[in-house]
Amino acid sequence: MAVVIPALLLALFWVVVHLIHRLTVQRFLTPLLPRTRPLTRSSGPGSCFDPDYTSFHLSYVNLKLETTAFNAAHERLSGYLVNHGWLSFGKALYGVGAVIGIVGMFASLCIVAWTGLLVISETFLDTSVTPGLPPIARKIASRAISALPASLAPDSQASLALRPLIPGVTIPISHLPLMLIALFICQSFHEFGHAISAALEDTPLHSVGLALHVIVPTAFVSLKEKPSTTPSANLRLASAGALHNIFLWIAFYALAHSGLGRLATPIGWTDVSSLGKVVLGFNEATSLDGYMPRGSLVVQLDDTPLGQSARNAGQGDPWETFLLSKAPQELRRGWCLDSSEFVGSPTACCSEPSTAELTCFVPMSAPPSEYQGHCLSPLSLFNRNNTTPRRCDPAGCPGQDLCIVPSAESQLLRIAFVDMERGKERVVVWKGPRLEVYRQVRVGTYLPRTPLIPFWLPDLVNLFISYNLTVTIALYLFNLLPLPLLDGGQVLSSLLDLLFGADPSLGADINFNHAPWQRRNRRERIERAFHWGAGALCITVALAVSVKELTRS
């Protein structure tokens with residue numbers, strides 16, 4: 001249901017767009033969206049609303065706005081950079097970007113290839129041995145998730161270098177608007193890099209525009225081909241967008257580590273990370289929604305406190321560490337219960353699937369041959385008064401009492417939280433995989449001082465910054481794949497032109513033992529091999545990783 005409703009709304013949106021367009025064309029002959037036509041003017045002072053400069057294209061679930069109104073401004077920018085001595089500095093800067101682009105092209109291929117190998121090894125080989133990434137690929141891939149909250153990042157046992165962001169599967173569907181906004185910002189800044197580099201290379205601008213593909217907003221910059229452009233200039237042009245993604249990542253990384261969150265404290269929020277986690281909401285329908293009010297402060301999971309201090313700062317987030325761990329939690333404390341009451345309880349739930357009311361409990365330290373598991377009500381046991389039953393450790397309990405704990409198969413989780421509205425501490429018992437709690441409950445670290453202030457705002461800002469960090473580095477790697485329609489294809493083509501002496505500025509041929517047509521033929525074979533190999537690799541790995549994530553969820 002969480003996916004069906006957004007899908008229906010999206011379909012309704014496109015139906016309305018087409019109906020408005022069709023009705024305005026038939027009745028008023030002046031459609032809301034002008035008919036598809038070529039742009040009649042390519043330069044000069046103009047307005048985005050002038051039909052001579054701007055055109056809309058509507059086709060099925062694709063809507064594109066293209067304009068040449070900014071071409072004159074781009075020409076003025078090119079002249080300004082030349083006249084004010086910025087040309088040399090700009091070309092040097094984007095020359096560094098060309099090197100970064102070449103490194104990124106090969107790094108993206110290595111990461112995709114390594115991910116494919118990991119999928120094969122985990123599917124067909126022994127999964128108990130988890131191979132690691134090579135140092136270079138690990139360093140680059142880790143940047144995509146370094147500042148990302150674990151709700152977006154792979155879990156602690158995942159070994160894949162790449163993980164798709166699939167709404168409702170690998171990320172909560174409620175995060176989709178944030179992800180789309182971050183994608184539009186990062187992709188627009190990427191295209192801005194191509195426009196600036198084109199001004200430095202005196203390459204004319206053909207048009208700029210915005211597009212909406214189904215639900216994904218994008219921006220684009222189209223340049224006019226200039227035959228006299230050298231391969232080195234083409235390399236700078238092709239790598240400029242990737243360089244701007246690196247610039248944007250550095251900016252958001254600095255913002256994330258600038259202490260911006262501390263500004264929320266004097267404004268009206270309190271940082272409660274030393275106490276626990278604030279419940280911000282729920283990602284999908286869950287029974288916890290009726291028991292844990294939004295704004296509650298979760299202080300403990302089982303016997304693990306969630307407060308972070310200088311003592312455990314290096315051990316990661318307790319919420320993520322506890323819920324994402326695949327290993328069963330070792331209970332260090334149990335509950336004292338009279339042995340006769342324990343032995344007199346039924347045993348059926350320990351051999352059959354247990355019900356919500358009864359759970360299998362076992363003695364903590366007694367030999368298995370002496371006592372078998374028995375069925376008890378966890379709510380009744382946990383909610384008794386403070387003295388009966390007492391909490392116990394493996395040393396046992398006084399008298400005839402037994403120290404019992406839930407069996408490993410019971411999958412019980414005690415969630416202790418403070419209901420801030422009522423001002424009292426409560427305990428909810430969750431029965432099921434801990435990972436489901438992690439996926440369903442959104443938590444933060446800021447609590448408003450008054451009910452009038454939204455408790456989710458500071459963490460929403462942090463989440464938005466995290467998405468921008470992830471998306472911009474993902475665009476950097478994805479766009480540099482050596483495929484014809486991506487920047488990586490242009491980087492590869494320009495690099496091969498340089499290596500095979502197509503740049504006239506290089507003088508003598510690099511490979512002087514072959515005739516020009518042989519060098520050109522070899523260059524084309526290498527380029528085709530990269531295109532076909534990278535294309536097949538990307539399609540195969542993308543399908544394999546997506547299937548893996550879907551089956552895992």
Side-chain angles (χ1 to χ4, degrees), residues 1-42 46-71 164-192 194-195 205-224 241 283-285 464 467-468 471 474-475 478-479 483-486 539 542-543 546 550:
M1 183 62 66
V3 179
V4 173
I5 294 178
L8 292 176
L9 292 176
L10 179 62
L12 179 62
F13 166 78
W14 283 107
V15 169
V16 170
V17 169
H18 279 273
L19 284 177
I20 292 176
H21 180 55
R22 181 68 61 87
L23 291 175
T24 53
V25 168
Q26 292 179 350
R27 180 169 296 183
F28 303 107
L29 301 179
T30 55
L32 176 67
L33 302 177
R35 294 182 178 86
T36 301
R37 53 173 175 71
L39 298 169
T40 57
R41 301 189 65 177
S42 61
S47 169
C48 293
F49 301 100
D50 189 337
D52 289 336
Y53 293 91
T54 303
S55 176
F56 282 92
H57 303 268
L58 176 63
S59 174
Y60 299 105
V61 289
N62 293 282
L63 181 63
K64 184 172 71 170
L65 166 67
E66 186 177 12
T67 181
T68 59
F70 299 100
N71 289 13
L165 299 180
I166 306 175
V169 179
T170 60
I171 64 171
I173 196 167
S174 60
H175 290 187
L176 181 59
L178 281 182
M179 187 186 72
L180 293 177
I181 294 172
L183 176 62
F184 181 73
I185 292 174
C186 297
Q187 207 260 335
S188 298
F189 197 69
H190 174 101
E191 296 298 322
F192 181 67
H194 290 303
L205 190 66
H206 178 269
S207 63
V208 298
L210 305 174
L212 181 65
H213 306 286
V214 186
I215 194 175
V216 180
T218 60
F220 63 90
V221 170
S222 179
L223 304 176
K224 293 181 180 179
N283 296 323
E284 53 189 81
F464 179 66
Y467 266 113
N468 278 277
V471 171
L475 280 177
F478 174 75
N479 271 294
L483 299 173
L485 298 179
L486 301 179
I539 293 174
L543 290 175
S546 298
L550 290 172

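- Taking CG of L212 as the start and NZ of K64 as the end, the distance is 13.0 Å to the nearest 0.5 Å.
- When all heavy atoms are compared, the tightest approach of H206 to N71 is O-ND2, 3.1 Å.
- Between the NE2 atom of H194 and the CZ atom of F220 there is a distance of 13.5 Å, given to the nearest 0.5 Å.
- Two residues are said to be in side-chain contact when any heavy atoms from C-beta on lie closer than 4.5 Å; H57 and N62 fail this criterion.
- Between L205 and K224, the closest heavy-atom pair is O-CE, 4.0 Å.
- With contacts defined as side-chain heavy-atom distances shorter than 4.5 Å, the pair L210/F184 qualifies.
- Going from atom CG of L183 over to atom CG of L178 covers 12.5 Å, rounded to the nearest 0.5 Å.
- Nearest approach of A182 to F464, heavy atoms of both residues: N-CE1, 4.2 Å.
- Using a distance-only test at 3.5 Å, with no hydrogens or angles considered, a donor-acceptor pair links the side chain of W14 to the main chain of V214.
- What you find for C186 and L475 is that their closest heavy atoms are CB-CD1, 3.7 Å.
- Heavy atoms from other residues, nucleotides or ligands lying under 6.0 Å from CG of L485 number 12 at most.
- A distance of 5.0 Å separates CZ of F478 from CG of L486, quoted to the nearest 0.5 Å.
- The 12-atom threshold is not exceeded at CZ of F192, counting heavy atoms of other residues, nucleotides or ligands nearer than 6.0 Å.
- Among pairs with a residue in residues 178-188, those fulfilling side-chain hydrogen bond (donor to acceptor under 3.5 Å, both in side chains) read Q187-E191, at least two apart in sequence or across chains.
- The shortest heavy-atom contact between E66 and S207 is OE2-OG, 2.6 Å.
- The ring pair (Phe, Tyr, Trp, His ring centres under 6.0 Å) check on F189 picks up H244, with sequence neighbours excluded.
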